[in-house]
**Student:** 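A single structure is presented below for examination.
Counting starts at 1 for both ligands and their atoms, in listed order.
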Amino acid sequence: MRKHIFNAGPCKLPEQALENTAEAVKELGNAGQSIMEVSHRSKEFQAVIDEAQDLFKELLNIPENYEVLFLGGGASMQFAMIPYNFMNKKAAYVDTGSWSTKAIKEAKMFGEVEVIASSEDKDFAYYPKVDVPKDVDYIHITSNNTIRGTEIFEDLDTGDVPLIADMSSDMMSRKIDVSKYAMIYGGAQKNVGPAGVTFVIIRKDMLDKVVDRPIPTMLKYETHVKKGSMFNTPPCVNVFGVKETLKWVKAQGGVEEMERRAKERADMLYGEIDRNPMFKGTVIDKASRSRMNITFIFEEKYQNLQDDFLKYAADNNIVGIKGHRSVGGFRASTYNASTVEDVKELVNCMQEFEKQHA
Ligand SMILES: *Cc1c(COP(=O)(O)O)cnc(C)c1O
């Protein structure tokens, strides 16, 4: 029996995508070979990666002057690749918690980092207002903060300053205006597929902005653009998983429908967190509440029941609601494949627990 999966990443994926990927592991179409065996230079695999790229372009309405890449190394590798390629003197970063803090650490190895906005003063429990500086090579934001449960729902207007966004955990969950961004990237494992592949959407003119420093071939965006993400062997099975996940998104009604469902799930769960006297949300500003990672804790006097609640939830087939080890409490990650039924089950548990203990 399938559980109610609220894992933060790798996350729940559509069953159809899992089944089709499982089939392709046995045999890719009529190729007489598995997706694990087929050459990445074959026409069969080329069709797979082309379809994955085309689905990205179609679902996000990506303009012509952008490339979609599938790389290895995780979103974490991008933290280094971005400054390596684009930082001349100074870059601006928005610090909204763990992931952006890590991105800042890498960028500091290549030049000056100006933290133009931060929510550290309130333990990253809100999304700060961003004022755009003019004299920087780029601005980096993390659109959804997977660990703290905050999210920005607008596409910032940064004028001529390239805007680079880590959208690891809210990609394809709301309509975005890609033309506002110079680059968007993320690990696939939170909304668009299995772990092991990183998507990069990059505006082609960024390749003219690469800094004049020796950059190892594999760490240069130009390499991967020129070779269609196949300078080296791509993670073939994972790219297939992305393709199948995006096919499912399209069949469900696209990003608009994903956004509608995300709002419905988030409203339901935040509604219960706000109603139930045992629980409270951790994000202090309701407008910053993430639709993808819903963080909450027990009110003070119930905090000794934390393990009991986790066990009660587990007994009801709910997995993945323990908060990140750095913040504690609870976190329910409600990515695209998460259903209203999953959330209802969690809400039921919260209500039953209230009856038993409050
Ligand atoms: C998970 C996550 C990362 C790290 O992704 P990896 O693919 O594991 O390197 C980076 N940024 C955000 C916002 C994340 O949620």
Side-chain angles (χ1 to χ4, degrees), residues 5-13 69-84 93-107 117-120 124-128 130 138-153 155-156 163-174 176 181 183-201 218-219 224 229 234-235 237-239 241-242 245 262 282-283 288-295 320-327 331-338:
I5 302 168
F6 292 98
N7 294 335
C11 72
K12 180 173 181 181
L13 291 172
L69 307 176
F70 296 114
L71 308 179
S76 302
M77 175 89 114
Q78 298 303 310
F79 296 164
M81 274 177 78
I82 290 160
Y84 215 154
Y93 278 71
V94 176
D95 192 4
T96 47
S98 319
W99 294 116
S100 48
T101 308
K102 284 186 177 165
I104 289 167
K105 178 169 175 256
E106 299 301 299
S118 168
S119 49
E120 197 180 0
F124 301 112
Y126 67 104
Y127 208 101
V130 180
Y138 61 86
I139 297 175
H140 180 281
I141 66 163
T142 312
S143 57
N144 182 68
N145 299 287
T146 325
I147 294 174
R148 298 289 172 164
T150 65
E151 185 173 6
I152 186 171
F153 297 100
D155 302 309
L156 297 173
L163 175 62
I164 299 180
D166 175 356
M167 290 197 188
S168 291
S169 50
D170 61 350
M171 174 42 74
M172 300 274 177
S173 71
R174 71 172 181 91
I176 53 169
Y181 300 86
M183 186 179 138
I184 299 170
Y185 70 96
Q189 69 274 21
K190 286 160 189 149
N191 238 343
V192 299
V197 57
T198 310
F199 61 84
V200 172
I201 302 165
M218 271 296 283
L219 300 182
H224 302 289
S229 299
V237 180
N238 308 310
V239 171
V242 168
T245 305
T282 61
V283 175
S288 304
R289 281 176 157 182
S290 169
R291 292 183 198 135
M292 297 285 105
N293 307 99
I294 297 175
T295 51
I321 59 162
K322 191 169 185 194
H324 189 270
R325 60 189 183 280
S326 65
V327 291
R331 169 178 57 175
S333 297
T334 51
Y335 297 115
N336 282 347
S338 172

**Student:** Please check this pair: side chain of Arg331 against backbone of Thr146, looking for a donor-acceptor N/O pair closer than 3.5 Å.
**Tutor:**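 It does hold such a pair.
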
**Student:** Kindly check if the number of other-residue, nucleotide or ligand heavy atoms within 6.0 Å of NZ (Lys322) is above 12?
**Tutor:** no

**Student:** With hydrogens left out, which residues have an atom under 4.0 Å from ligand 1, given that only heavy atoms count?
**Tutor:**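 Ligand 1 pocket, heavy atoms under 4.0 Å: Gly74, Ala75, Ser76, Phe79, Trp99, Thr142, Asn144, Thr146, Asp166, Ser168, Ser169, Gly187, Gln189, Lys190.
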
**Student:** Would you call the rings of Phe79 and Trp99 parallel, tilted or perpendicular, where under 30° means parallel and over 60° means perpendicular?
**Tutor:** tilted

**Student:** Examine distances only and state if a side-chain atom of Asn191 and a backbone atom of Asn336 form a donor-acceptor pair shorter than 3.5 Å.
**Tutor:**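 Yes; at least one donor-acceptor contact below 3.5 Å.
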
**Student:** Could you list the residues that satisfy side-chain contact (heavy atoms from CB on, under 4.5 Å) with Val327, not counting sequence neighbours?
**Tutor:** Ile147, Arg148, His324

**Student:** Classify the side-chain pair Asp95/Thr101 by whether it contains a donor and acceptor separated by less than 3.5 Å.
**Tutor:**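 Asp95 vs Thr101: donor-acceptor pair found between side chains.
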
